Amino acid sequence: MRPFIQFESVSKAFGSLTVVNSLDLAIEKGEFISLLGPSGSGKTTILMMLAGFERPTQGAIYLDGKRIDHLPPYRRQMGVVFQNYALFPHMSVAENVAFPLEMQRVPRAEITERVERALDMVKLKQLKDRRPSQLSGGQQQRIALTRALVFEPSVILMDEPLGALDKQLREHMQLEIRDLHKRLGLTIVFVTHDQAEALTMSDRIAVFNAGRIEQIDDPEVIYDTPRTRFVAEFIGETNLIEAKVASVDNQVARLSLGAGLSARAHAGNGLSAGQTASFSLRPERIRLGAAPGGSNALDMTITDCIYHGDHMRVQLTRDEFSLVARCERLAGNWAVGAPVVASFDPSDCTVLTQ
Amino acid sequence: MFRALQFTFGAAIVIFLLMPIFAILPLAFTSSVFLNYPIPAYSMRWMHELTTADVWRTSIVNSLIIGGGATVFATVLGTLASLGMRKGALPMVGLLRTLFLLPMVVPAVVLGVGMQIFLVRLGLASTYLGVIIAHAVLCIPFVIVSVSAALQGIDPSIERAASSLGAPPVTVFRRVTLPLAIPGVVSGAIFAFATSLDEVVLTLFVAGPNQRTLARQMFSSIRENINPTVAAAALLLIIGTLCLGGLAALLRWRQKRSALETAPSAI
């Protein structure tokens, strides 16, 4: 039994430039998966291959057990939402939403009814006679979404659909799309370069870099235990620590950090004494205090303190070793130049492979 | 000081360009049989002559037939050519485009000689179809320029959206591409018609006595029996051209307005 959507060693090259490199990806029915990566990482090309606008140079794509990579877009039954909405400017809102139903030769009366119902769902029924140009960005995006949903496609594909909206509206739409996904049991493939968006919305995130998947996992796993340096840096903020492994004992490594500091970190398998390794330590995992508050306690000096409203970013150094910590605004009054103890647990550190 | 100079210079150029038109127009209403000033009295006799004399009436009808035919030909072919050159699927699109626009720059005499030899071989010399084809060649570049610009203004993702929503290519074209490009097609057709209307040189080479257009008739009347009907015909042509120009401007204005409206406004 194949998964609902399957990419089987799919590659895509434009001339000599390989954009997607031998990709294997399985997506389950009802899943909300985000393809996350910087521009040029191949995520949009993957979506375009799934929608049928690009053909793979190599490999096969399956939907519901059937091979689809040779099918034209109009035979694939996928709802695509574009970044710039791509509404038909010469049609009214209702005509836009009716378009996919007309293509399926749904009877007139049923079209009218389904369009009404769909517009009701996004609370835009009162705008049905307007032209897209008379709507705000958020309303246009909602209509684009409705148009992609109304013909009950097997999959919804979204290409940075919220990229053109301002922050507040974007966050609102994120929740709305998530809600629709849950309510209607949709399978959604969502392309974004915004890591916060991917973390908020997805069941699973595939992090792309240079045409390959760096890591694919639940949002929590991606954030808490990034596997590679790229993922650790791309998702959220992190302290990348290059350290020499002094000894390994029962999967806990003793690291020498330089400047006379040492710490213990969960090493997993495959680390041995004498080796140099990279670790990721999230800033919010570091606790600052006057006295040690964890099994790792480093004596540092505060060199900078930046106010962020709900939290503070505190820059710590000791000689050439430095860390960034993030802490509650009310947790203390840290003066620049003051000594402080930075504490964290071995499990807060994640070993990264290159 | 400089601004005043600028203004004077601009005004002088406008007067220089418009003078011939203003010089000929009043003569359409002269009562004299000579095409010169001063005008003894105003009368409608030459306008009457233009609309009743057989040669003139036939030439007006000919102009409309040939202009209409050439417009249809040029609009269909030019639109198809623009569509074909749009997707970038063809090799050497740049060269093709230049070739299509060539009739705009090649001297009409050269075209005329070539066209005459060619049409004689096809047995189309001195036929309506022959003149229509010859005019269409001259009109196609105008259609291509106008339609290409309109097509360029269409966001490709709109067509992709239509396709993903279940529309096969022909339906995408009929329901999305063509409706969005139609202002460009119409203004291309207007330019094509206007071009055919005042074409003389090609017509001299390829048209027989039965296909005398208004412009061609004016040309021969000046040489054979000059009288103020020419001025009346000129007035008619100018009015026709102004109407067409006004229509084109109106279309462009509407297009610009709807383009402004479609720009996504984030709220």
Side-chain angles (χ1 to χ4, degrees), chain A residues 47-48 50-54 72-91 95-106 131-141 144 147-151 153 155-157 159 162-170, chain B residues 79 83 86-93 146-147 149-188 250-267:
Chain A
L47 197 79
M48 292 296 123
L50 193 51
F53 302 126
E54 300 285 356
Y74 59 93
R75 304 252 314 266
R76 294 197 185 194
Q77 289 275 320
M78 294 188 184
V80 186
V81 180
F82 295 85
Q83 173 168 14
N84 56 359
Y85 323 129
L87 293 173
F88 306 128
H90 57 299
M91 299 184 196
E95 285 166 340
N96 264 280
V97 179
F99 188 85
L101 298 174
E102 283 170 35
M103 292 303 118
Q104 293 191 330
R105 303 184 194 287
V106 174
R131 287 292 170 100
S133 53
Q134 295 167 306
L135 306 181
S136 71
Q139 289 168 335
Q140 289 188 43
Q141 189 53 275
R147 190 179 63 174
L149 286 172
V150 72
F151 66 113
V155 191
I156 308 280
L157 310 179
D159 184 15
L162 309 177
L165 305 178
D166 63 42
K167 189 166 176 288
Q168 220 172 350
L169 188 60
R170 196 162 63 224
Chain B
T79 303
L83 283 167
R86 176 191 182 204
K87 289 279 159 74
L90 288 169
M92 296 192 290
V93 166
S146 170
V147 176
L151 288 175
Q152 209 155 39
I154 300 176
D155 177 357
S157 68
I158 291 178
E159 288 165 293
R160 287 187 156 188
S163 168
S164 76
L165 295 170
V170 175
T171 313
V172 175
F173 176 72
R174 196 169 49 81
R175 295 283 309 270
V176 178
T177 315
L178 191 59
L180 290 176
I182 207 74
V185 176
V186 173
S187 78
L250 184 76
L251 268 173
R252 207 168 321 148
W253 175 73
R254 277 188 44 186
Q255 203 177 357
K256 208 184 212 166
R257 208 184 49 170
S258 69
L260 279 179
E261 275 177 4
T262 42
S265 51
I267 289 188

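All values below were derived from every heavy atom in this structure, side-chain atoms included, with hydrogens, water molecules and symmetry-related copies excluded. Every chain is numbered from 1, with letters handed out A, B, ... down the list of sequences. For clarity, every value in this text was computed on a predicted model and none was experimentally measured.
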Atom group of [X] that falls short of 4.5 Å from chain B, counting heavy atoms:
X      : value
A:Q139 : neither
A:R147 : both
A:L87  : backbone
A:F53  : both

Close side-chain approach of A:F99 to B:R175, heavy-atom, < 4.5 Å
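Yes, close enough: below the 4.5 Å cut-off.
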Sort out for me which of A:Q168, A:Q104, A:E102 touches chain B most, counting heavy-atom pairs under 4.5 Å.
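Between A:Q168, A:Q104, A:E102, the count favours A:E102.
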Residues in residues 160-167 of chain B that sit under 4.5 Å from chain A, counting heavy atoms only:
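Against chain A, the residues of residues 160-167 of chain B that fall inside the cut-off (heavy atoms, under 4.5 Å) are B:R160, B:A161, B:A162, B:S163, B:S164, B:L165, B:G166, B:A167.
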Mind listing the closest non-hydrogen atom pair of A:P89 and B:L180 along with its distance?
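For A:P89 versus B:L180, the nearest heavy atoms are CG-CD2, 3.5 Å.
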Give me the atom names and distance for the closest heavy-atom approach of A:Y74 to B:P169.
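Between these two residues, the closest heavy atoms are CE2-CD, 3.3 Å.
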